[in-house]
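Data block below; observations after.
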Amino acid sequence: SLFDEAKHLGLTDAITYNSTIDAIAKSATPDANRALSLFDEAKRLKFADAIAYNSTIDAIAKSTTPDANLALSLFDEAKRLGLADAITYA
């Protein structure tokens, strides 16, 4: 994928991760596991921001197997880190 190629070339940043997670959330069949995997990578790389949390929560909520507990856990984590914004609460 284009994302994997960018990652291989060292061209990824917070925007790349956020855009990819957001695209997953907006797809016809969001893959929550893929979104979570990218989110975990973003966290390890210190790229996880409010947008990453919001997009990941959105992907979880819209997936074919939504997990309210996981979404709430990420929401609580975002609040604890001061990364919850108006969109997180929407």
Side-chain angles (χ1 to χ4, degrees):
S1 73
L2 186 59
F3 177 84
D4 291 330
E5 186 176 331
K7 191 164 74 168
H8 176 73
L9 295 172
L11 301 174
T12 54
D13 59 10
I15 294 169
T16 314
Y17 277 88
N18 291 345
S19 298
T20 305
I21 295 168
D22 188 54
I24 291 168
K26 291 179 178 173
S27 69
T29 54
D31 182 346
N33 290 328
R34 179 71 173 136
L36 282 165
S37 174
L38 290 173
F39 177 73
D40 287 341
E41 282 181 32
K43 282 174 52 175
R44 279 194 311 275
L45 296 168
K46 308 291 189 227
F47 291 153
D49 57 13
I51 296 167
Y53 276 89
N54 294 341
S55 296
T56 305
I57 291 168
D58 194 33
I60 293 166
K62 292 178 179 175
S63 75
T64 56
T65 56
D67 184 338
N69 289 328
L70 179 56
L72 286 171
S73 174
L74 285 179
F75 174 73
D76 289 340
E77 184 177 303
K79 282 193 318 187
R80 190 174 58 255
L81 297 171
L83 295 173
D85 59 14
I87 294 172
T88 315
Y89 286 95

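Given the structure is predicted, the values throughout are model-derived calculations rather than measurements. Nothing fancy with the numbering, it's 1 onward along the sequence.
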Measure across [X] and [Y] and return the closest heavy-atom pair with its distance rounded to 0.1 Å.
X	Y	result
Ala59	Pro30	O-CB, 3.9 Å
Ala48	Leu83	O-CD1, 4.0 Å
Ile60	Asp67	CG2-O, 3.5 Å
Ser55	Ala25	O-CB, 3.7 Å

Common cluster, Ile57/Leu81, ILVMFWY with side-chain heavy-atom separation under 4.5 Å
yes
Do you reckon Leu36 sits in the same ILVMFWY cluster as Ile51, going by side-chain contacts under 4.5 Å, direct or chained?
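Per the 4.5 Å side-chain linkage, Leu36 and Ile51 are not co-clustered.
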Between His8 and Asp4, is there a side-chain heavy-atom distance shorter than 4.5 Å?
no
Run the ring pair (Phe, Tyr, Trp, His ring centres under 6.0 Å) test on Phe39 and Tyr53 for me, step by step, so that the C-alpha distance in whole Å, both residues' side-chain angles and the decisive distance to 0.1 Å come before the verdict.
CA-CA 8 Å; Phe39 177 73; Tyr53 276 89; 4.7 Å; yes
Check for a donor-acceptor pair, side chain of Asp22 on one end and backbone N or O of Asn18 on the other, with a separation under 3.5 Å.
no
Tell me whether Leu45 at atom CG has more than 12 heavy atoms from other residues, nucleotides or ligands lying less than 6.0 Å away.
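More than 12 heavy atoms, drawn from other residues, nucleotides or ligands, come within 6.0 Å of this atom.
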Would you please test Tyr17 and Phe3 for ring pair (Phe, Tyr, Trp, His ring centres under 6.0 Å) and show each step?
CA-CA 8 Å; Tyr17 277 88; Phe3 177 84; 5.0 Å; yes
Should Thr16 and Asp13 be marked as a side-chain hydrogen bond (donor to acceptor under 3.5 Å, both in side chains) after you check the CA-CA gap, both sets of side-chain angles, and the distance that decides it?
CA-CA 5 Å; Thr16 314; Asp13 59 10; 2.9 Å; yes
